Amino acid sequence: MLREEFPRLRLAHLPTPLEEMPNLTQRLKGPRLLIKRDDQTGLATGGNKARKLEYLMADALAQGADTIVTLGAAQSNHARQTAAAAARLGLKALLLLRGEEPPLRNGNLLLDDLLGAEVRWMGPQRRIPPERIAGILEELKQAGQRPYLVPYGGSNEVGVLGYIQAMRELLDQLEESGLVADHLVVATSSGGTQVGLVLGAKIYGYEGKIIGISVDLPREELWNNLVSLAQATAARWGFDLSLGRDDFIVYDDYLGGGYGVLGPPEKEAINLLAQTEGILLDPVYTGRAMAGLIDLIRRGTFRSNEVVIFWHTGGTPALFAYAQELFKAPRTEP
Ligand SMILES: Cc1ncc(COP(=O)(O)O)c(C=O)c1O
């Protein structure tokens with residue numbers, strides 16, 4: 001059981017709604033499609049990181065931190081939500097972002113700025129070398145600050161607790177509405193969301209499938225990350241669970257042009273959901289995961305009487321950074 005005494009702050013708007021998507025269901029000719037609205041968690045426009053940050057920020061405060069340091073892509077939703085959480089708690093936020101300072105700060109970057117975060121541009125490498133991060137933390141300490149490092153995507157043993165709790169929340173909602181979910185579909189990258197859901201499923205007895213649509217990593221690499229994060233989390237909190245690759249369903253068929261590259265499948269998914277259900281996806285994560293779900297439906301992966309829940313993980317501010325590519329996209333006929 002997820003013990004109540006795990007230190008947690010209340011930062012997110014929970015429970016998030018679980019909604020039917022009747023128009024999309026009809027358009028795609030089944031299965032019955034629902035959506036779990038973690039784009040509505042709050043913290044400067046919502047997203048999956050709010051759940052992880054409830055536990056990470058509690059840990060940061062317990063350690064006496066006054067500065068939260070985290071890492072990500074230029075349009076990192078995780079960095080933006082971390083900046084919002086830090087602002088709410090009266091802490092400084094330092095965001096170490098990939099790339100060079102762009103001429104226009106829009107999307108998540110605009111919000112980072114409004115939220116008062118300091119941004120440092122770290123160059124093109126996908127992962128900042130650990131010694132460089134250690135150097136920055138040391139520099140802050142020398143300047144008298146007390147930094148707390150939140151890893152990429154908030155995905156460590158502490159952040160995962162947010163999605164173990166999220167599985168409990170979903171199961172309560174399903175029970176209340178008398179529904180049984182056969183499949184959950186979720187975008188996966190640094191892995192904390194999927195690992196939390198899978199651990200939560202084992203702890204609380206969800207028997208359906210949890211399908212991770214990889215956004216950036218090939219299956220082998222993602223599998224290794226998922227299994228080691230799951231094992232580390234179970235060990236840290238004393239969950240008596242054995243975890244291996246078989247516990248994680250991962251599709252890496254939808255990587256398209258790579259991380260953050262918007263292709264026709266993502267555009268179709270974003271337009272389709274917006275124009276059938278009035279729900280906004282994001283260009284990097286949920287647009288790709290929904291494109292994957294649409295493809296799986298078209299291939300006949302699900303039976304028409306099954307219930308499939310798409311777990312919306314947020315990210316909508318990044319839409320504005322992709323305005324050039326998304327504007328005047330083809331209309332979906334009503
Ligand atoms: C909108 C959105 N969806 C999904 C993910 C992936 O979640 P995770 O990193 O826990 O795998 C992220 C991560 O940054 C995200 O910003």
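Counting starts at 1 for both ligands and their atoms, in listed order. Everything numeric here is computed off the predicted structure, so don't read it as measured data.
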- Query: Does Arg32 make a cation-pi contact with Phe302, if we ask for NZ or CZ under 6.0 Å from the ring centre and within 45° of the axis?
  - Reply: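 No cation-pi geometry.
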- Item | Ring-face cation of Arg168 near Tyr204 (centre distance under 6.0 Å, axis angle within 45°) | yes
- Message: Using a plain distance cutoff, I'd like to know if Gly191 has any nitrogen or oxygen under 3.5 Å from a nitrogen or oxygen of ligand 1.
- Response: yes
- When only distance counts, is Ser189 in polar contact with ligand 1, meaning an N/O pair under 3.5 Å?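 Yes, there is a polar N/O contact under 3.5 Å.
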Do [X] and [Y] sit within salt-bridge range, that is, some charged N less than 4.0 Å from a carboxylate O?
X: Glu19; Y: Lys36; value: no
X: Arg80; Y: Asp112; value: no
X: Arg120; Y: Glu139; value: yes

At less than 4.0 angstrom from any non-hydrogen atom of [X], what atoms of ligand 1 do you find?
X: Lys52; answer: 8 (P), 9 (O), 10 (O)
X: Thr193; answer: 7 (O), 8 (P), 10 (O)
X: Gly314; answer: 1 (C)
X: Gly315; answer: 1 (C)
X: Thr188; answer: 11 (O)

- Message: Is the distance between the ring centroids of His78 and Tyr152 under 6.0 Å?
- Response: no
- Hey, mind stepping through Arg27 and Glu277 against salt bridge (Lys or Arg N to Asp or Glu O under 4.0 Å) and telling me if it holds? CA-CA 11 Å; Arg27 178 64 66 93; Glu277 299 291 347; over 6 Å; no
Name the closest protein heavy atom to [atom], giving the residue it belongs to and the distance to 0.1 Å.
atom: atom 9 (O) of ligand 1; value: Ser190 OG, 2.5 Å
atom: atom 2 (C) of ligand 1; value: Tyr285 CG, 3.4 Å
atom: atom 12 (C) of ligand 1; value: Lys49 NZ, 3.3 Å
atom: atom 16 (O) of ligand 1; value: Asn77 ND2, 2.9 Å
atom: atom 3 (N) of ligand 1; value: Thr313 OG1, 2.6 Å

- Any non-hydrogen atom of Gly47 lying under 4.0 Å from ligand 1? no
- Item | Residue-ligand contact Thr286/ligand 1, heavy atom below 4.0 Å |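 Thr286 does not count as a contact of ligand 1 under the 4.0 Å cut-off.
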- Query: Does CD belonging to Glu131 count more than 12 external heavy atoms closer than 6.0 Å?
  - Reply: yes
- Message: One residue to check: Asn48. Relative to ligand 1, which of side chain, backbone, both or neither has a non-hydrogen atom less than 4.0 Å away?
- Response: side chain
- Message: For Gln194, which part has a heavy atom under 4.0 Å from ligand 1: side chain, backbone, both, or neither?
- Response: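 No part of Gln194 comes within reach of ligand 1.
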- Message: Can you tell me how far apart CG (Leu91) and OG1 (Thr82) are? Round to the nearest 0.5 Å.
- Response: 11.5 Å
- With a 3.5 Å cut-off and no angle check, do the side chains of Thr188 and Gln194 form a donor-acceptor pair?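 Per modelled atom types, Thr188 and Gln194 side chains form a pair under 3.5 Å.
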